[in-house]
Structure formats: C-alpha cells, structure tokens
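Presented below is the structure to which this report refers.
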Protein chains: 2
Amino acid sequence: MSNKTIEDIENRIASLLKRSDLSVTESRRKILHLFLEQPGALAHGDIERKAGEKFDRVTVYRTLQAFVDKGIIHTIPTADNSIRYALCKDDCSAGHHHDHHVHFVCSICNNTYCLDDVVTPEIKLPKGYHAEQVEVVVEGVCKNCKGRE
Amino acid sequence: MSNKTIEDIENRIASLLKRSDLSVTESRRKILHLFLEQPGALAHGDIERKAGEKFDRVTVYRTLQAFVDKGIIHTIPTADNSIRYALCKDDCSAGHHHDHHVHFVCSICNNTYCLDDVVTPEIKLPKGYHAEQVEVVVEGVCKNCKGRE
DNA sequence: GTAAAAAGGCAACATAGTTGCAAAATATTC
DNA sequence: GAATATTTTGCAACTATGTTGCCTTTTTAC
C-alpha cells in the first residue's frame, strides 16, 4: 500500500469525524480505521481486542456509542446476542439511520456482511399492527466459505 | 379460573416436559407456566424477576437452555441485545427449530410477539451466498397500543 | 499560545452469564 | 413403596460485559 493511499484513508477518516462534529482523536481514528480496512461488520469484542491494547475499554464503548449516535455506524442484531457494528452508507445522519438492507451472518466463518443491494422486503402484518422498521438477518454460507466446507 | 382449567394447564406442562425427556421439576413447571399464561415473548430478565425469588439465577439459565435445546422455546434476536424467548409451535423438536414466522417488537409497550401467520419472505441473495435461515424482526406499534399513543 | 471544551483513563460498580461440586429432588427398579 | 441411580438444583466463585463519576490529558477555538 502506497503512502498516498494511507494518507487518503487518514483524510477520509478526519473529514468523516469533522462532518459529524466529533473531535479527531487517536482512538476514534484507530477504530474507524478498523471498519474501513475490512468489508464486514465487527463485534464489540473484535474491536476491543484489536484496539484494546492501546485504549481503555471504556473509551471503546464511548467511541462506538458516539459513532452510532452520529450515524457513522449502525448495529446489527444477531441471534447469539453479540452486538455487531458496521459502517453506514452516506445517507445515514445523526439520530437517523436509514438502514434498509439485509444483513448476512456466515455460519462457517462467523463474519457478518451488509448486503447493501438487498433491500428489506415489505411485510404484510395482521390488522392493527403498524411497522416502523424491519430488520432482516439471514444466516447461511457466505461467498468466501462456499466450496471450502 | 376453575380448578379444572388449572389442572389442564398442569397436565399440559407435565406432558410437554415428558415428551421432551425432561424430568418434571418445580422450576421447569413454573417457568413453562410463565410462557403459557401470556401471549408474547419473555426476556431473560422478565423470567428471572418473575421466577427468581423462588429459584436460583443459575437454574433459570439452565432451564431456558434446556427448553431451547429440546425445541420447547426459541430465541428472538432484537436490536437492544436482550435475548427474548417464546414458545415454539408443535413442529419444533429437539435440536431442530422450524421457526419461520415474523417477530414483532412494540416500541411502546416493548412486548414481543410471534406473528405465527406471517411467514418470513424469500430473500434473493447476491451470487455466492447461500441462505439457511431468515430472521425477520419488525419494530412498530402493536394492536394493543394503537390508538392509545 | 492560551483558555474553554471535549475526550480519555482510572477505579469502582452493576449486570450478565458460566463452571464445578455437593446436596436435594426426581425417576427407576424391584 | 423403599432403595438406588440419575438428574437437577443451589451455592460459591469466577469471567465477561457494560456503566458512572471524577480527574487528567488532548483537542479545538480564538
């Protein structure tokens, strides 16, 4: 990876933080970096393991909370009760997530992916129920694990 | 409620446990009772509060785990990272859940319902992904809270 | 560069979940 | 229905996860 590219990423991170009214600190840059350098979602534990040597546990919690509040990342509910986080697309903003894509959890590698191109379907509810948000999580075998089973 | 009805429920509970190769104990009867006497799902915390005075925390954990293993109840993933449990329909069996209905979480009363008549839709995944299970959780306003807002 | 504001680190705490083991309850056998 | 084998329970101790208050450090604004 060239220096140019590294600089680009750093600039992207800084502008993302500034746009969100967050001061640019080392922990926030580091954690955003983790999200940008890989395609899938990260569980809190992953982040703590990867950033936890340098930063306090509390800082990780507060950083993730700030990112969610500002619409930089969103949470993904999963059956195993471990919150996962993934970067939002650009149309999310502070206090207002537009997170209408399907999430995919691989049962082999345990990675979580945002399938940005797969929109959540309309669900016909029984009379009296009113839907505000629909979460779809698909479990199965991902692209990378298929064939390697 | 007549004695007849109470006896009926107790019999139903005992036969459900025996069918699942679980011995009939006080804690299991009590916790099953909690599920049968109300329509929605229960969070672990609810169960511990309602059964926890009589039984140890550990017993509640182990009882719920046993029920999930035997296909008596199933878990519902939610965004707030609190596992909820609900009774399975009769076609679930040990180690094999057939849980293809949509779940509904009310944002007002915070109750969770299994919409047994609403089946999870087919999701068209990108090439290379293979779906094994689809979880749909709808958040909104439930039948009972509608109009009372 | 300095002052104000924001974020981080630490400690202490609260909640959630797990494990091993001895005691108690349940099931089984005769 | 009593004795034995099996299962389940409660307890204690532990790990993991998440939160709060306060003081120090870093960042920002001027």
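Chain identifiers are assigned alphabetically (A, B, ...) following the order of the sequence lines, protein sequences preceding nucleic acid strands; residue numbering begins at 1 within each chain.
Closest contact between the side chain of B:T25 and the listed nucleotides C:dT18, C:dT26, D:dG18 involves C:dT26. Taking every side-chain heavy atom of A:S23 into account, C:dA7 is the closest of C:dA7, D:dG10, C:dT18.
Contact of the B:I13 side chain with the B:R29 side chain is registered, since non-hydrogen atoms from C-beta on lie closer than 4.5 Å.
Across the protein-nucleic acid pair, B:E48 atom CD and C:dT18 atom C1' stand 13 Å apart, rounded to whole Å. Rounded to whole angstrom, the span from the CD atom of B:Q65 across to the P atom of C:dT19 amounts to 10 Å. The CZ atom of B:R57 sits 9 Å away from the C1' atom of C:dT18 (whole-angstrom rounding). The interatomic distance linking A:D56 (CG) with C:dC13 (P) rounds to 17 Å, in whole Å. Distance B:D21 CG to D:dT7 P: 10 Å, rounded to the nearest Å. Per the geometry, CZ belonging to B:R62 stands 10 Å off P belonging to D:dT8, to the nearest Å. Spacing between atom NZ of B:K18 and atom P of D:dT7 amounts to 16 Å, rounded to whole angstrom units. Atoms CD1 (A:I83) and C1' (D:dA16) sit 14 Å apart, rounded to a whole Å.
The distance between the ring centers of B:Y85 and B:F67 does not fall below 6.0 angstrom.
Counting heavy-atom neighbours within 6.0 Å of B:D117 CG, excluding the residue itself, gives a total of 12 or less.
Listed pair A:T59 / C:dG9 meets the phosphate criterion, a side-chain N or O lying under 4.0 Å from OP1 or OP2.
Toward the 5′ end of DNA chain C lies the nearest nucleotide of B:V58, the other residue of the pair B:L22 and B:V58 mapping further downstream.
Put simply, the residue from B:L16, B:I72, B:T63 that forms a side-chain contact (heavy atoms from CB on, under 4.5 Å) with B:R28 is B:T63.
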